[in-house]
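Here the structure is laid out as structure tokens; the discussion comes afterwards.
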2 protein chains.
Amino acid sequence: MNDVKRPVTLDDISKRAKVSKMTVSRVLTGKGQVAPKTREKINKIIDELGYQPNLLARSLSSQKTSIIGVVLNKREHMFMFDYTTKVLSGIMDVAIENDYQLMLCPISADKDTSGEYEKLARSRMLDGVILLKRKEGDPHISELIDLNFPFVMLNYKKFSEDISFVDSENFHGAQIAVEHLYGKGHRKIAFVRGRIGETNSNDRYLGYQGALSDLGLEFREEWVINGDFNQEKAYSECSKLLDLDDMPTAIFCADDNMALGVMRRLQEQGLKIPEDMAVVGFDDIQFGTISTPTLTTVRQPIYEIGRRGMEVLLHLINSNEPKATHELLPVELVKREST
Amino acid sequence: MNDVKRPVTLDDISKRAKVSKMTVSRVLTGKGQVAPKTREKINKIIDELGYQPNLLARSLSSQKTSIIGVVLNKREHMFMFDYTTKVLSGIMDVAIENDYQLMLCPISADKDTSGEYEKLARSRMLDGVILLKRKEGDPHISELIDLNFPFVMLNYKKFSEDISFVDSENFHGAQIAVEHLYGKGHRKIAFVRGRIGETNSNDRYLGYQGALSDLGLEFREEWVINGDFNQEKAYSECSKLLDLDDMPTAIFCADDNMALGVMRRLQEQGLKIPEDMAVVGFDDIQFGTISTPTLTTVRQPIYEIGRRGMEVLLHLINSNEPKATHELLPVELVKREST
DNA sequence: TTGAAAGCGCTAACAA
DNA sequence: TTGTTAGCGCTTTCAA
């Protein structure tokens with residue numbers, strides 16, 4: 001048994017200071033009036049005894065824990081380390097600034113997770129949750145809504161008054177990617193789709209189509225392949241484009257990972273990038289800065305999304321009449337060697 | 001105010017089932033005997049009412065939270081996303097298997113963090129902590145030891161009976177890297193050191209020196225440069241090697257990040273890798289698999305370190321007479337194009 | 001400005 | 001097999 005010494009409690013302090021526990025509690029939390037002299041005396045004893053509040057007891061009593069759950073896709077996050085690290089950093093920085101703690105809540109993205117969100121909410125351990133990259137129309141979100149439990153979705157978009165989200169301008173991002181290629185002289189632009197069923201993926205597809213139409217370019221079914229936000233899938237599917245009689249001259253990929261897969265395939269085929277085929281990605285992951293050639297891409301402000309997400313959640317938690325917030329953060333084209 | 005409906009409590013269940021709270025508690029925790037019939041009746045009511053235990057109350061009463069704190073270097077983890085993600089995955093998988101939760105505890109690696117560990121321990125929120133990549137001889141570890149609070153250090157080595165750690169065979173890893181270069185015909189082998197003051201870094205340096213001596217190779221001060229586990233630093237310091245009259249023919253870097261910086265510098269100088277200069281790294285990060293050339297490296301089992309670390313910690317927590325565990329996991333040479 | 005009493009929801013220890 | 005009692009350490013509410 002690890003018998004940690006019996007910790008100092010409020011009671012110890014109050015007895016030593018010859019005041020009630022309540023007075024000590026007031027000093028500790030800063031709420032309520034305490035005579036300066038009393039306060040001083042108590043503070044001194046707190047220091048002497050090295051008192052630390054028992055957060056469990058405090059939370060049980062006050063019905064607030066100052067802990068936020070971060071729901072991430074159980075296994076998938078391994079393949080999105082760039083994303084996970086950046087978004088967590090943003091969330092974490094705001095958490096630190098506001099004295100909140102972060103709890104990791106891995107939940108499967110595929111299996112039936114019915115009841116999982118409700119469990120989190122009802123555990124009373126969390127004041128709110130941030131959901132990362134959940135699937136479109138996740139049916140279990142209603143568990144959170146029904147319980148009126150504060151939550152924010154990141155990299156997810158749904159204009160519902162029951163759902164707060166922070167996402168980036170995916171539609172616009174796809175547009176500027178296509179316009180950039182157009183500016184470089186390309187007229188036959190292919191698209192590699194992301195996972196069907198993620199709102200991000202859909203918006204980028206719509207942005208691609210919208211831009212083609214705005215620019216008077218042709219849209220062809222066979223120039224659209226499905227990469228599933230998966231590098232290997234994009235790598236193999238890419239062959240379909242290369243087998244075409246009328247090949248595109250540029251490929252816009254719904255994320256950088258797929259762009260990397262596509263570039264690998266092109267290079268194996270002996271094609272020069274960007275001379276024979278231009279490539280644009282989406283995200284701006286670090287790999288794209290050291291790949292050969294370096295990757296032109298649409299930068300998403302992931303760190304900022306994390307920050308804003310946490311800010312929105314804290315507002316939801318602490319405001320008297322919370323209202324769902326919908327935010328789309330701006331994206332930016334980063335020109336590199338692949339175009 | 002978010003007025004979540006009043007949650008169902010043990011009391012509600014017990015009244016409805018016409019048994020005492022204790023009996024319900026027994027059904028819930030699985031400890032103690034309960035008549036099958038009673039159990040069945042209670043379980044039914046639990047389902048009906050959608051009861052979820054209040055973890056706060058349970059923890060306060062039982063003095064166990066089933067939450068583990070993961071202490072990571074506050075800002076630094078941003079630059080080690082590969083490491084952080086892998087090690088967290090390992091920790092998380094074992095946590096899930098054992099019904100533990102993970103709490104992120106960012107603590108600065110540089111500033112004075114006196115009292116921070118103690119705060120974690122005394123908060124009563126955590127059953128134990130895992131410390132990632134802390135500096136050698138971190139003076140505040142004693143706070144944990146004095147409180148007899150369970151903790152494990154990862155990627156840290158100190159043979160003390162007060163400290164449990166899981167690390168990889170850094171010394172041996174450096175040896176096989178040098179031996180590999182020797183096998184390729186190299187006799188003048190330079191070394192790029194990591195951060196002075198991390199045990200990993202020191203061990204790799206010692207392994208390098210040991211291997212040179214075993215192989216009867218010359219050790220020269222000017223063939224050792226300091227990269228501080230920092231890609232840019234390695235990039236710039238690398239010039240010192242190139243300015244030498246008697247240049248080495250191979251460079252062994254204490255981590256992959258630095259190796260990437262070194263390769264960049266070499267290529268800018270017009271040197272061919274591995275023809276003009278061979279390069280070996282340490283870690284096996286993903287970048288090394290797609291760089292040009294791909295990087296020969298010593299693979300550390302980071303995911304495994306995370307797993308073992310969590311297992312060791314759980315043992316420490318749940319064993320009656322815990323004893324510090326010291327583990328060095330095996331490393332492995334991964335041959336690629338850079339040698 | 002301070003204090004007393006009650007309770008947050010659960011479990012440990014003991015008793016029946 | 002089941003129940004009773006007594007907390008865990010804090011905050012809330014109300015009274016002084």
Side-chain angles (χ1 to χ4, degrees), chain A residues 1 3-43 46 49-67 119 121-127, chain B residues 1 3-43 45-46 49-67 121-127:
Chain A
M1 276 304 167
D3 42 67
V4 180
K5 297 176 213 146
R6 193 186 76 76
V8 184
T9 70
L10 251 199
D11 220 33
D12 300 327
I13 308 284
S14 74
K15 276 180 187 142
R16 186 108 154 208
K18 297 196 203 311
V19 294
S20 75
K21 286 194 286 180
M22 217 24 241
T23 308
V24 181
S25 176
R26 286 195 184 97
V27 172
L28 245 27
T29 58
K31 290 175 193 165
Q33 305 286 321
V34 179
K37 264 197 169 173
T38 321
R39 174 186 306 274
E40 208 175 303
K41 182 173 63 178
I42 292 176
N43 269 326
I46 287 176
L49 267 50
Y51 169 79
Q52 290 286 350
N54 179 326
L55 264 27
L56 243 24
R58 174 179 283 181
S59 299
L60 179 62
S61 180
S62 67
Q63 314 269 35
K64 285 180 116 289
T65 63
S66 293
I67 303 177
K119 215 164 171 179
R122 283 211 199 275
S123 76
R124 308 265 110 193
M125 254 304 172
L126 307 175
D127 286 349
Chain B
M1 277 308 168
D3 42 66
V4 180
K5 296 175 215 147
R6 192 186 78 75
V8 184
T9 71
L10 251 199
D11 220 32
D12 299 327
I13 308 283
S14 73
K15 275 178 187 143
R16 186 108 153 210
K18 297 198 203 312
V19 294
S20 75
K21 288 194 287 180
M22 213 32 235
T23 307
V24 182
S25 175
R26 287 197 183 96
V27 172
L28 247 24
T29 57
K31 289 175 194 166
Q33 304 286 320
V34 180
K37 264 197 168 171
T38 321
R39 175 187 305 273
E40 209 176 303
K41 182 173 64 179
I42 292 175
N43 269 327
I45 296 178
I46 287 175
L49 267 48
Y51 168 79
Q52 290 285 351
N54 180 326
L55 264 26
L56 244 23
R58 175 179 282 181
S59 300
L60 179 62
S61 179
S62 67
Q63 314 270 35
K64 287 180 112 291
T65 62
S66 293
I67 303 177
R122 284 211 197 275
S123 75
R124 308 265 112 192
M125 254 306 171
L126 308 174
D127 286 350

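Values in this document were obtained by computation on a predicted structure and should not be read as measured data. Sequence lines set the chain letters: A, B, ... in the order given, protein chains first and strands last, and positions in each chain run from 1.
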When every nucleotide of nucleotides 10-16 of chain C is labelled 5' to 3' by its protein contacts under 4.0 Å (heavy atoms), B for base, S for sugar-phosphate only, - for none, what sequence of letters results?
BBBB---
Under 3.5 Å, side chain of A/Thr29 to main-chain N/O of A/Ser25, donor-acceptor pair present?
yes
Over how many whole Å does the gap from [X] atom [atom1] to [N] atom [atom2] extend?
X	N	atom1	atom2	result
A/Lys18	C/dA4	NZ	P	14 Å
A/Arg124	C/dC8	CZ	P	13 Å
A/Lys41	C/dT1	NZ	P	15 Å
A/Lys64	D/dT12	NZ	C1'	15 Å
A/Met125	C/dC8	CE	C1'	14 Å
A/Ile13	D/dC10	CD1	C1'	13 Å
B/Ile42	D/dT1	CD1	C1'	11 Å
A/Leu60	C/dG9	CG	P	7 Å

Shortest non-hydrogen contact from [X] to [Y]?
X	Y	result
B/Thr38	B/Val34	CB-CG1, 3.9 Å
B/Arg124	B/Thr65	O-CG2, 3.4 Å
A/Ile67	B/Met125	CD1-CE, 3.7 Å
A/Tyr51	A/Thr9	CE1-C, 3.6 Å

Please check if atom CZ in A/Arg39 has more than 12 non-hydrogen atoms from other residues, nucleotides or ligands closer than 6.0 Å.
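More than 12 within 6.0 Å, yes.
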In degrees rounded to 10°, what angle is found between the helical axes fit to the five outermost pairs at each end of the helix from C/dT1-D/dA16 to C/dA16-D/dT1?
30°
With respect to the phosphate group of D/dT2, does any side-chain polar atom (N or O) of B/Thr23 fall under 4.0 Å of OP1 or OP2?
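False: B/Thr23 side-chain N/O out of range (4.0 Å or more) of D/dT2 OP1/OP2.
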Look at A/Thr38 and C/dT2 and indicate whether a side-chain polar atom (N or O) is within less than 4.0 Å of OP1 or OP2.
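Result: yes.
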With sequence neighbours left out, which residue pairs that include part of residues 20-34 of chain A fulfil the salt bridge (Lys or Arg N to Asp or Glu O under 4.0 Å) condition?
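Every candidate salt bridge (Lys or Arg N to Asp or Glu O under 4.0 Å) pair involving residues 20-34 of chain A fails, so no pair, neighbours aside, qualifies.
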Pair A/Leu56-A/Leu60, side-chain contact (heavy atoms from CB on, under 4.5 Å): steps then yes or no
CA-CA 6 Å; A/Leu56 243 24; A/Leu60 179 62; over 6 Å; no
Quick check: do B/Ile46 and B/Leu28 have side-chain heavy atoms less than 4.5 Å from each other?
yes
Name the residue closer to the 5' end of DNA chain D, choosing between B/Arg39 and B/Gln63 according to the nucleotide with the nearest heavy atom.
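By nearest-heavy-atom nucleotide position, the 5'-most residue is B/Arg39.
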